[in-house]
Amino acid sequence: MTLPAFVAARRSIRAFDGRAVDRAELDALVEAACLAPAPHHSRPWRFVVIDTDAGKTALADGMGDRWQRDLEEDGVDAIRIDELIRASHLKLTGAPTLVLACLTWDGLDRYPDETRQRAEWGMALLSLGAAVENLMLAAADVGLASCWVAAPIFCPDEARDALALPTEWSPQALVLVGYPDAAYEPRVRPLVPLHDLRAFR
Ligand SMILES: Cc1cc2nc3c(=O)[nH]c(=O)nc-3n(C[C@H](O)[C@H](O)[C@H](O)COP(=O)(O)O)c2cc1C
């Protein structure tokens, strides 16, 4: 069996040409995301499509301030912190569109104990990953580049407040979306070492 070509064709692309992405196209990507499997037939995700300079700057500033504080507490030297924060700011403000994927408790079960409550949230988070993959596959299918950026999962409250989102929306993942810079070469993708990664029983 060969791999489905559309799965193999999606790559993380981190450079874009200057073109803006039409909002109807962005809506189609979010719709594809929302076809992902989710626990209890819920749709615990919320997607914030950020294609204005003000929105991108607010998010980059809010998450950047928090990251700067974390790096200072880690004892990273000031010059390196400055480099990292500037690069991250440029990455976010330079992308044509950012899609911020958030989780809510909407439709999820509640448990009286911490263990099952955490499992329920974990289950929803898995489904958010599936939704994000759908979004990126749909983007690749129409010639759009995308790249998942982890940052919000480290600072969900700061990301939420930067965009004045409802308190129950918890940002978990960010996807850069745009038309690919033709000169960008995706990183070499190693072969899948199937024997190390899967077991039959
Ligand atoms: C949860 C998650 C977080 C990621 N965070 C980042 C990130 O912060 N910055 C980045 O450039 N790529 C990020 N990536 C993209 C991975 O680096 C990329 O998927 C991986 O190198 C495989 O490359 P491919 O997507 O082209 O197959 C992330 C991917 C995932 C799934």
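All ligand and atom numbering here is 1-based and tracks the order in the structure. Source: prediction; values computed, not measured. Numbers here are sequence positions counted from 1.
Residues forming a side-chain hydrogen bond (donor to acceptor under 3.5 Å, both in side chains) with R80 (at least two apart in sequence, or on another chain): E83. Listed by chain and number, the residues in a side chain to side chain contact (heavy atoms under 4.5 Å, CB included) with E158 are R66, R69, C155 (sequence neighbours excluded). Applying the salt bridge (Lys or Arg N to Asp or Glu O under 4.0 Å) rule to D17 yields the partners R19; only residues at least two apart in sequence or on another chain are considered.
A salt bridge links D82 with R86: the distance from a Lys NZ or Arg NE/NH1/NH2 to an Asp or Glu carboxylate oxygen falls below 4.0 Å. Between E120 and R110 there is no salt bridge, since no side-chain nitrogen of the basic residue lies less than 4.0 Å from a carboxylate oxygen of the acidic one.
The 4.0 Å heavy-atom shell around ligand 1 contains residues R10, R11, S12, R14, K91, C147, W148, V149, A150, R189, ordered by chain and number.
With 3.5 Å as the limit, one finds a donor-acceptor pair spanning the side chains of Q172 and S170.
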